[in-house]
Amino acid sequence: MTSNLEVVHPFEEVAKHNHKGDCWLIISGKVYDVTSFLDDHPGGDEVLITATGKDATDDFEDVGHSDSAREMMSKYLVGEVDSSTIPAREYYKLPSKASSASNQSPGILAKILQFLVPLLIVGLAFALRQFTKKDQ
């Protein structure tokens, strides 16, 4: 008889199990079929379903699960994930200078124009009124 830890699943296979009727999670390199646990999960089934299709280790650890929750995991274990098939994580990248320049707040020239354009319009309206008043 083979133990569940001897079964190695490629990431692509695990990622297909991503809905309420068939839900697998990857936590610390191990694969868990939590389909039967979805209705009993204290945080709701949606929490587990949104953790599919990726390595959910950080999500699991961030919550601070109890020892009894960790012990319970063994009954859902279906194997390990082939670590060579897990896609690389995308980390936050700082925007390049070219793209960040377009996202910055308005520069000094724009601030001056925001002040001067309305002032210029008011000045023109005043001048036009004075000009038309003299003709009457």
Side-chain angles (χ1 to χ4, degrees):
M1 182 172 139
T2 5
S3 78
N4 286 340
L5 283 178
E6 293 176 13
V7 179
V8 178
H9 302 277
F11 176 82
E12 296 78 22
E13 177 191 340
V14 178
K16 291 177 186 176
H17 303 271
N18 61 2
H19 53 87
K20 190 167 182 151
D22 186 20
C23 184
W24 289 15
L25 297 178
I26 300 169
I27 301 172
S28 300
K30 295 181 175 77
V31 179
Y32 299 90
D33 180 352
V34 295
T35 309
S36 62
F37 182 64
L38 290 175
D39 291 333
D40 298 326
H41 186 256
D45 62 357
E46 195 62 33
V47 173
L48 297 176
I49 294 168
T50 58
T52 63
K54 65 177 184 170
D55 182 342
T57 304
D58 290 341
D59 296 337
F60 180 81
E61 295 299 337
D62 287 347
V63 173
H65 286 88
S66 66
D67 290 339
S68 63
R70 292 175 188 279
E71 291 170 11
M72 186 187 302
M73 292 171 63
S74 63
K75 68 180 175 180
Y76 302 105
L77 183 65
V78 293
E80 293 184 350
V81 66
D82 180 350
S83 60
S84 68
T85 63
I86 297 175
R89 287 188 184 184
E90 290 186 26
Y91 292 98
Y92 177 76
K93 297 175 188 168
L94 293 173
S96 67
K97 289 189 179 197
S99 65
S100 66
S102 63
N103 293 334
Q104 288 180 347
S105 60
I108 188 85
L109 181 60
K111 289 181 180 180
I112 292 172
L113 288 176
Q114 285 178 341
F115 176 75
L116 288 179
V117 169
L119 192 60
L120 182 62
I121 292 171
V122 169
L124 285 173
F126 182 76
L128 185 61
R129 179 165 167 86
Q130 291 300 324
F131 179 74
T132 57
K133 229 180 186 183
K134 290 179 184 175
D135 288 342
Q136 290 178 358

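Scope of the values below: all heavy atoms of this structure, side chains included, with no hydrogens, waters or symmetry mates.
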Chemist: Hey, what do you get for CD1 (I112) to CG (L119), rounding to the nearest 0.5 Å?
Modeler: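 The CD1 atom of I112 sits 13.0 Å away from the CG atom of L119.
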Chemist: With side chains defined as the heavy atoms from C-beta onward, is the minimum distance between H19 and L38 less than 4.5 Å?
Modeler: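 Heavy-atom side-chain distance check fails, nothing below 4.5 Å.
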Chemist: Measure the CG-OG1 distance between N18 and T50 for me, rounded to the nearest 0.5 Å.
Modeler: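 Nearest 0.5 Å value for the CG-OG1 distance: 11.5 Å.
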Chemist: Looking only at non-hydrogen atoms, find the nearest pair between A51 and A56 and report the distance.
Modeler: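 Between these two residues, the closest heavy atoms are O-CB, 3.6 Å.
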Chemist: Check for a donor-acceptor pair, side chain of T57 on one end and backbone N or O of S28 on the other, with a separation under 3.5 Å.
Modeler: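 Side chain of T57 to backbone of S28: a pair is present.
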Chemist: Nearest heavy-atom pair of T35 and K20: which atoms, and what distance?
Modeler: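 Taking every non-hydrogen atom into account, CG2-O, 3.6 Å.
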Chemist: Check whether any side-chain heavy atom of Y76 lies under 4.5 Å from a side-chain heavy atom of D33, and answer yes or no.
Modeler: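 A side-chain contact under 4.5 Å is absent here.
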Chemist: In Å, rounded to the nearest 0.5 Å, how long is the span from CG of L128 to OG1 of T132?
Modeler: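 One finds 5.5 Å between CG of L128 and OG1 of T132.
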Chemist: Below 30° counts as parallel, above 60° as perpendicular, anything between as tilted: where do the rings of H17 and W24 land?
Modeler: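 Geometry flag for W24 against H17: parallel rings.
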Chemist: What pair of heavy atoms forms the shortest contact from F37 to L48, and how long is it?
Modeler: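 Heavy-atom minimum between the residues: CD2-CD1, 4.1 Å.
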Chemist: Over all heavy atoms of both residues, which pair between E12 and T85 is shortest? Give the atoms and the distance, please.
Modeler: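 Nearest heavy atoms, E12 then T85: OE2-O, 3.6 Å.
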Chemist: Could you check whether any side-chain heavy atom of F11 comes within less than 4.5 Å of a side-chain heavy atom of I26, counting everything from C-beta outward?
Modeler: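 F11 reaches I26 side chain to side chain.
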Chemist: Give the minimum heavy-atom separation between D82 and P10, together with the two atoms involved.
Modeler: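 Closest approach of D82 to P10, heavy atoms only: CB-CA, 4.2 Å.
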Chemist: For the atom pair CG (D22) and CD1 (I49), what is the distance rounded to the nearest 0.5 Å?
Modeler: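 Taking CG in D22 and CD1 in I49, the distance rounds to 10.5 Å.
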Chemist: Between T52 and L25, does a side-chain contact (heavy atoms from CB on, under 4.5 Å) hold up when you go through it step by step?
Modeler: CA-CA 5 Å; T52 63; L25 297 178; 3.9 Å; yes
Chemist: Give a yes or no on whether the backbone of V34 and the side-chain of H41 come within a donor-acceptor separation of less than 3.5 Å.
Modeler: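 No.
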Chemist: So if you build clusters from Ile, Leu, Val, Met, Phe, Trp, Tyr with side-chain heavy-atom gaps below 4.5 Å, do L116 and I121 land together?
Modeler: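 In one cluster: no.
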Chemist: Closest heavy-atom contact between R70 and H65?
Modeler: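 Taking every non-hydrogen atom into account, NE-O, 3.6 Å.
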Chemist: What I'd like to find out is whether the side chain of K54 reaches to under 4.5 Å of the side chain of D59, using heavy atoms alone.
Modeler: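 Yes, at least one pair of side-chain atoms sits under 4.5 Å.
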Chemist: Would you say the side chain of V8 lies within less than 4.5 Å of the side chain of V81, judging by non-hydrogen atoms?
Modeler: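 When only atoms from C-beta onward are counted, V8 and V81 do not touch, as no gap falls below 4.5 Å.
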